[in-house]
There are 2 protein chains.
Amino acid sequence: MAEDKSELLKGTLDMLILKVVALGPIHGYAISQRIQQISKEFFQVQQGSLYPALHRLENRGWLDAEWREASSGREAKFYKLTKKGRKQLEAEVLNWARLSDAVALILRTAE
Amino acid sequence: MAEDKSELLKGTLDMLILKVVALGPIHGYAISQRIQQISKEFFQVQQGSLYPALHRLENRGWLDAEWREASSGREAKFYKLTKKGRKQLEAEVLNWARLSDAVALILRTAE
DNA sequence: TCTTGACGCCTAGCTGTTCTAGGCGTATAT
DNA sequence: ATATACGCCTAGAACAGCTAGGCGTCAAGA
């Protein structure tokens, strides 16, 4: 009743997408699979989260998109990181490190 | 221009509050100071985030509130963890561990 | 004296992210 | 024939966090 499987992503989605795209051009559907697979099924990126996020990142100039043929033989929209995207990824990774350090500080606080 | 200092908390606020309250009864204003201090100024909990969160946690039965006199001599609303709150804190800490592990897996992925 | 700032509580309303729940079209397998 | 995987998309709801205000008290300094 309060055991949300919701809000798993907690604002990390952009960073995760940028990271996966940084590994090499990849299309949307595959991005969500890859995130799920690498995270050992912890993250399950819903399509209703994925596609708006991709459009967001593209609009901000962090991703470039191009229609190409996927390995399946079908057309798919491949994304790759822009220079700005690479910088953004670095910034987000740094910020994540600081955030999780700060959280750890608080969680470690014994009375 | 995109260097948000916003959204620092990324859904961790509830957990941080529960943790700080778990250290002992404490009033709202002091909670935000304590979080800021322990996190070495990383987290700055705005009052517009803090108080709604406290009411949320109280409504969910995770916190109990009581007006008492603060060390300053003024009346303040002191919060303490309920049993449910303690369970919730445990669950959130566990989930945070899983989440940050999953993020780490993805960030560590070299090509 | 007056004003500023810290203390301590609160809310309304905006924005942004994520989810649910739907839609579309193609191909393959049952 | 039908389901399932692939692959894209959106609208709308829910919710968290922020900005920007408000209220009242008290101490310190101009």
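First the proteins, then the strands, lettered A, B, ... as listed; each starts at 1. This structure is a prediction, so every number in the text was calculated from the model and none was measured.
For A/Glu66 and D/dC8, the CD to C1' distance is 17 Å, given to the nearest whole Å. To the nearest angstrom, P of C/dC14 lies 19 Å from CD of B/Gln46. Remark: P of C/dG8 and CD of B/Glu69 are 11 Å apart, rounded to the nearest angstrom. Here the C1' atom of nucleotide D/dG7 and the CD1 atom of A/Ile26 are 13 Å apart, to the nearest Å. Atoms CH2 (A/Trp67) and P (D/dC8) sit 6 Å apart, rounded to a whole Å. A/Tyr51 places its OH atom 15 Å from the C1' atom of C/dG22, with the value rounded to the nearest Å.
B/Asn59 contributes a side-chain N or O that, together with a main-chain N or O of B/His55, makes up a donor-acceptor pair within less than 3.5 Å. In this structure, A/Gln46 contributes its side chain and A/Gln44 its backbone to a donor-acceptor pair below 3.5 Å. At least one donor-acceptor pair under 3.5 Å links the side chain of B/Ser39 to the backbone N or O of B/Ile35. Under a 3.5 Å cut-off, the side chain of A/Ser49 and the backbone N or O of A/Val45 do not form any donor-acceptor pair.
Phosphate proximity of C/dT17 to B/Lys10: absent, as no side-chain N or O sits under 4.0 Å from OP1 or OP2. Within the 4.0 Å cut-off from OP1 or OP2 of D/dC26, not a single side-chain nitrogen or oxygen of B/Ser72 is found. Remark: A/Arg56 is in phosphate contact with C/dT18, judged by side-chain N or O atoms under 4.0 Å from OP1 or OP2. Listed pair B/His55 / C/dC9 fails the phosphate criterion, with no side-chain N or O lying under 4.0 Å from OP1 or OP2. For C/dC19, the OP1/OP2 oxygens have a side-chain nitrogen or oxygen of A/Ser49 closer than 4.0 Å.
Relative to the side chain of A/Leu13, the nucleotides C/dT18, C/dC10, D/dC6 differ in distance, and C/dT18 lies closest. In this structure, of D/dT19, C/dC7, C/dT26, it is C/dC7 that holds the atom nearest to the side chain of B/Arg74. Taking only side-chain atoms of A/Ala70, from C-beta outward, the nucleotide of D/dC9, D/dG7, C/dC9 with the closest atom is D/dG7.
Expressed to the nearest 0.5 Å, how far CH2 of B/Trp62 lies from CZ of B/Arg56 amounts to 9.0 Å.
The aromatic rings of B/His27 and B/Phe78 sit perpendicular, their planes meeting at an angle over 60°, well past the 30° parallel limit.
Of all heavy-atom pairs spanning A/Thr82 and A/Gly61, the tightest one is OG1-O, 2.6 Å.
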Yes or no on salt bridge (Lys or Arg N to Asp or Glu O under 4.0 Å) for A/Arg60 and A/Asp14, after CA distance, side-chain angles and deciding distance? CA-CA 11 Å; A/Arg60 289 178 183 166; A/Asp14 289 5; 3.8 Å; yes
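Between the side chains of B/Gln33 and B/Gln37, not a single donor N or O lies within less than 3.5 Å of an accepting N or O.
As judged by a 4.0 angstrom heavy-atom cut-off over every strand, A/Arg60 is placed among residues touching the sugar-phosphate backbone only.
Of the residues in residues 27-37 of chain A, not one comes within less than 4.0 Å of DNA chain C through any heavy atom. Looking at residues 92-105 of chain A, you'll see that no heavy atom sits under 4.0 Å from any atom of DNA chain C.
Taking 3.5 Å as the limit, the base of C/dC9 and the side chain of B/Gln47 contain a donor-acceptor pair of atoms between them.
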